[in-house]
There are 2 protein chains.
Amino acid sequence: MKYIQTIPTCETCDLQKFSVFKHLTKIELANLSIDKGCNFFKRGNVLYNEGNRINGFYCVNQGVVKLVKTGIEGREQIIRFAQKGDIIGYRSILSKELACTTAKVIDDAVVCFIPASKLFGLVQNNNSFAMELMKLACKELGEANKFILDIAQKTVRERLAEVLMLLRETFGLDEDHVLQILLTREELANIVGTATESVIRLLSEFKSDKIIALNGRKIQFLNENTLIRLSNFYE
Amino acid sequence: MKYIQTIPTCETCDLQKFSVFKHLTKIELANLSIDKGCNFFKRGNVLYNEGNRINGFYCVNQGVVKLVKTGIEGREQIIRFAQKGDIIGYRSILSKELACTTAKVIDDAVVCFIPASKLFGLVQNNNSFAMELMKLACKELGEANKFILDIAQKTVRERLAEVLMLLRETFGLDEDHVLQILLTREELANIVGTATESVIRLLSEFKSDKIIALNGRKIQFLNENTLIRLSNFYE
DNA sequence: AAGTAAACATGACAAAAATCACAAAAACAA
DNA sequence: TTGTTTTTGTGATTTTTGTCATGTTTACTT
């Protein structure tokens, strides 16, 4: 964890245009920058731990953070990812509960920290912001509900196929159709909710079926339609 | 579905004291009652279907409603229950998405319907209400995340034990320790995320272990500590 | 009250997935 | 670079869970 020399100000941060902060006035943005902390975190760094009381929320400026819950015998379940423009920790502030996840950096990141008071201030004074925040929470809730259905009803193969497509949507592919996020097999297993060995086996199966190509942690998408079909996509 | 003669007004509704509406002024409550619909629904009635665009939200005055997502081959997954004082449908209004669940009555219910415009009006003009609503969404999100972990990592037996304890918390027991909600084995399976046969087998197992007693759909709790232990409860 | 449909129960079996054991490869640190 | 740790990969085995078949009981309908 390294202190950043030039703290990106919220006013000049181009991420705010697309984020939950998009309806803030110049003054509100300037005010947001005051008291704001900003740090650089390497892969493996933890922003906060499950069960912590956090007194602010985090805005990811660069890199990728995974939010995980720790279960039986320390086994992690990845709940979601946060990348540039995403905010994390706001749930536990708003519901006045302890953090329900651990936030761990998986791709070297620059993350800003904003005290809870600022969040409450904005909610009080800017209705559009309150609405945006609510929309965000409700969207996440919808996604969580969808995931509950999937994990309850789909096979591991279907879920892995679906997770690959979700990762594709979230992180995109480069010009060679290579997924723009590197995850260990264990991390993949911790999203899908299965054993690491199962992911390894299924990935090689997808590979021999020419659906994907593998090169270390790089996953190249060769046949997305089949992947969608394998995920038992409906609706 | 029967029209109620005497529509309960929001001002006189004693549920509002404990609900998300607790910070509304008398005037706001009176205003909420205008345009409000209120109906009686029998078990099996559907308030709205997954995929519907709903233009209002529902407040449960009496009875129990289950929120389900429909998955593979029509198999239902119960996401949550709503009972007296709970509101449903607000998620899809706030996130401006289609309903992500179907709301089905499982215990004869009186349910009020409030147009979306009223909700937006309150969010705009009453910051405490906006905060309450946010808190609610964030609390639900936390519960959903917890459930994802459970379903991903626990065995069916552990999940059933946990679900029984959750139902106990939500609906309570009578003086004979009988759970105050009647669910079919299939509905239990649709909460736990397993096959109906598995629930039947595990319930009889719990019964022969003297953890519960069964009488039709009535479940009597004989040994809650063992149930908690079986649920692999930690933290 | 009789007939029909739904829910409950149980056994046998099959499928899916976890676990264990171990080896090879890759990543990391000194 | 070398040694160490982590990650990846594979086979064998066991456990868990789902599916299918069938019979019984209970609830609902007319």
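Atom set for the values below is all heavy atoms of this structure, side chains included, hydrogens, waters and symmetry mates excluded.
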| field | Short side-chain N/O contact to D/dT6 OP1/OP2 from A/T184, under 4.0 Å | value | no
| remark: note: B/I106, atom CD1; C/dA7, atom P; distance rounded to Å ~ 13 Å
| Do the two ring centres, one from B/Y58 and one from B/Y90, sit under 6.0 Å apart? | no
| Any B/I219 side-chain heavy atom under 4.5 Å of B/L214 side chain | yes
| field | Side-chain N,O (B/T155) to OP1/OP2 (D/dT16) below 4.0 Å | value | no
| message | Counting the atoms with a prime plus P, OP1 and OP2 as sugar-phosphate, which does B/T194 contact under 4.0 Å by heavy atoms, base, sugar-phosphate, or nothing? | response | sugar-phosphate
| request: Give the rounded distance in Å between these two atoms: CZ of A/R43 and P of C/dA29. | output: 12 Å
| query | Does the side chain of B/E97 pick up a donor-acceptor pair with the side chain of B/S95 at under 3.5 Å? | reply | yes
| query | Separation of A/L183 atom CG from D/dT8 atom P, in whole Å? | reply | 10 Å
| Quick one: A/K218 NZ to C/dA25 P, roughly how many Å, whole number? | 20 Å
| query | So does A/R217 get a side-chain nitrogen or oxygen closer than 4.0 Å to the phosphate oxygens (OP1/OP2) of D/dT8? | reply | yes
| Reckon B/T196 touches a base, only the sugar-phosphate, or nothing at all at heavy-atom distances under 4.0 Å? | nothing
| query | Name the one of A/E158, A/Q153, A/K154 that satisfies side-chain hydrogen bond (donor to acceptor under 3.5 Å, both in side chains) with A/N232? | reply | A/E158
| task | To the nearest Å, give me how far apart CD (B/E186) and C1' (C/dA6) are. | result | 10 Å
| Heavy-atom distance under 4.5 Å between the side chains of B/F113 and B/N39, does that happen here? | no
| query | Looking only at side-chain N and O atoms, does B/S204 come under 4.0 Å of OP1 or OP2 in C/dT10? | reply | yes
| remark: Whole-Å distance, A/E197 CD to C/dA21 C1', equals 10 Å
| task | Hey, which sits more toward the 5' end of DNA chain C by its nearest nucleotide, B/R201 or A/A195? | result | B/R201
| remark: From CD1 of A/I200 across to C1' of D/dT6 the rounded distance in Å is 12 Å
| request: Send over the distance from A/L182 CG to C/dA27 P, rounded to a whole Å. | output: 10 Å
